[in-house]
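In what follows, a structure is listed as structure tokens, so that the remarks can point back to it.
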Amino acid sequence: MSGGLVALLDDVAALAKLAAASIDDIGAAAGKAGVKAIGVVVDDTAVTPRYVTGFTPDRELPIIWRIAKGSLKNKIVFILPAALLLSQFLPWALNPLLMVGGAYLCFEGAEKLYEAVSGHHDTEGEEVIKLTSAAHEEKMVSGAIRTDFILSAEIMAISLAEVAGEPFLSRTLILVVVALMITALVYGVVGLIVKTDDVGVRLAASGSRAAQAVGRGLVKGMPVVMSALSVIGTAAMLWVGGHIITDGLDKFGLSWPAHTLHDLAVAAGQAIPIAEGVVEWLVETLGSALVGVLLGGIIVAVMHLRPARAAAH
């Protein structure tokens, strides 16, 4: 009897070790997949704070929480099942869809560059309308969740491409972990960014001179941080979008763009052996961003030429 109990406990221990190893594997794979989508994550983080601009401080965190819940619903309820079905039954469609998303990122990044250079900003739908606070909040939250859907789809597609060879159950668990992890990361950081101003104001009004100095520094520094986030988000879109395009072309047999960037990166790294890895990454990233600018610029030109031609006729 005791021998059977010992054997049972041994089996339970072995199963527990196997489960722990599986959890570790899923966590590691989720981390790796999430890192691949970091460019889109940065853009998501940079975009979201503008949706809480103008609200009273007591509504900022509740609004961010509503957007975060909408983002998680986008990822798990809508995007994840579709992505898993595609990967299971139409795996060949993932690369073209990912490239379409990459082209969209290139377009978005190039559009932001165009607006920065030309001073032109799309004002459609930005008329000042007298809304109740609740109606305005609902409008901002809905807009943020719609924008998040596109970015979340890119994040999940990039992550899925990294774990496409995993068994179905593992793939599902990994993507659920990615969805939870990235949503918590993005909206946690957004919450910190949005509330930093309030912390700065409180410190500036405190009795300590040191705290006042820190508070004034936070208040003055946040516009700089927001501007930097915008620039980083634009760069990330171009870099990630360009990389998705070159990688997708490589999978379709058009290998010279990806191979050229890789060869240039290796050559540059060998020229500066003291920082070989950093130099290789930097050259390949800049090359991918250049691809993003070129492709995005073409799409932006086409999109802006169409209304001009329609007006001419």
Side-chain angles (χ1 to χ4, degrees), residues 30-51 67-68 71 74-75 79 97-117 144 146-162 178-179 181-194 222-249 257-258 261-262 265 277-300:
K32 183 180 177 183
V35 166
K36 287 289 184 179
I38 197 66
V40 189
V41 172
V42 170
D43 184 56
D44 205 357
T45 307
V47 165
T48 305
R50 69 186 175 92
Y51 287 100
I67 297 170
S71 175
N74 282 342
K75 292 182 182 76
I79 298 167
L97 287 174
L98 196 58
M99 289 181 72
V100 169
Y104 177 80
L105 286 177
C106 294
F107 163 70
E108 282 284 292
E111 179 77 3
K112 288 185 179 182
L113 286 180
Y114 169 74
E115 290 177 354
V117 171
R146 282 196 301 271
T147 300
D148 173 89
F149 186 89
I150 297 168
L151 296 171
S152 290
E154 280 300 299
I155 289 167
M156 297 300 281
I158 293 168
S159 302
L160 178 61
E162 280 299 301
V178 167
M181 179 177 65
I182 287 182
T183 303
L185 173 64
V186 167
Y187 292 98
V189 171
V190 168
L192 287 173
I193 291 170
V194 166
M222 281 315 296
V224 177
V225 171
M226 295 301 294
S227 296
L229 273 176
S230 179
V231 171
I232 292 168
T234 300
M237 281 193 290
L238 293 168
W239 154 46
V240 173
H243 179 74
I244 290 171
I245 295 299
T246 56
D247 187 58
L249 290 174
L261 286 180
H262 177 71
V278 174
V279 172
E280 284 188 18
W281 177 85
L282 186 60
V283 170
E284 198 151 0
T285 297
L286 289 173
S288 296
L290 180 59
V291 171
V293 170
L294 292 173
L295 176 59
I298 292 169
I299 300 172
V300 168

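Note that these values count all heavy atoms, side chains included, but never hydrogens, waters or copies made by symmetry.
Going from atom CD1 of I155 over to atom OG1 of T183 covers 7.5 Å, rounded to the nearest 0.5 Å. Atoms NE2 and OG1, on H262 and T246 in that order, are 12.5 Å from each other to the nearest 0.5 Å. Between the CD1 atom of I244 and the CD1 atom of I158 there is a distance of 4.0 Å, given to the nearest 0.5 Å. Note that the CE atom of M99 and the CG atom of L105 stand 13.0 Å from one another [nearest 0.5 Å]. Here the CG atom belonging to L286 is positioned 10.5 Å from the CD atom belonging to E284, to the nearest 0.5 angstrom. To the nearest 0.5 Å, atom OH of residue Y104 and atom CD of residue E108 are 3.5 Å apart.
Across C106 and L238, no two heavy atoms sit closer than the pair O-CD2, 3.7 Å. Between I299 and A103, the shortest heavy-atom distance links the atoms CD1-O, 3.8 Å. Taking every heavy atom of both residues into account, A110 and G297 meet most closely at CB-N, 3.6 Å. The shortest heavy-atom contact between K75 and D148 is NZ-OD1, 4.1 Å. Shortest non-hydrogen contact noted between L261 and G287 is CD2-CA, 3.4 Å.
For S71 (side chain) and I67 (main-chain N/O), no donor-acceptor pair under 3.5 Å exists by modelled atom type.
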Quiz item: Please walk me through it: do V300 and L113 pass side chain to side chain contact (heavy atoms under 4.5 Å, CB included)?
Solution: CA-CA 10 Å; V300 168; L113 286 180; over 6 Å; no
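With sequence neighbours left out, the side chain to side chain contact (heavy atoms under 4.5 Å, CB included) criterion links V283 to L264, A265, A268, V279.
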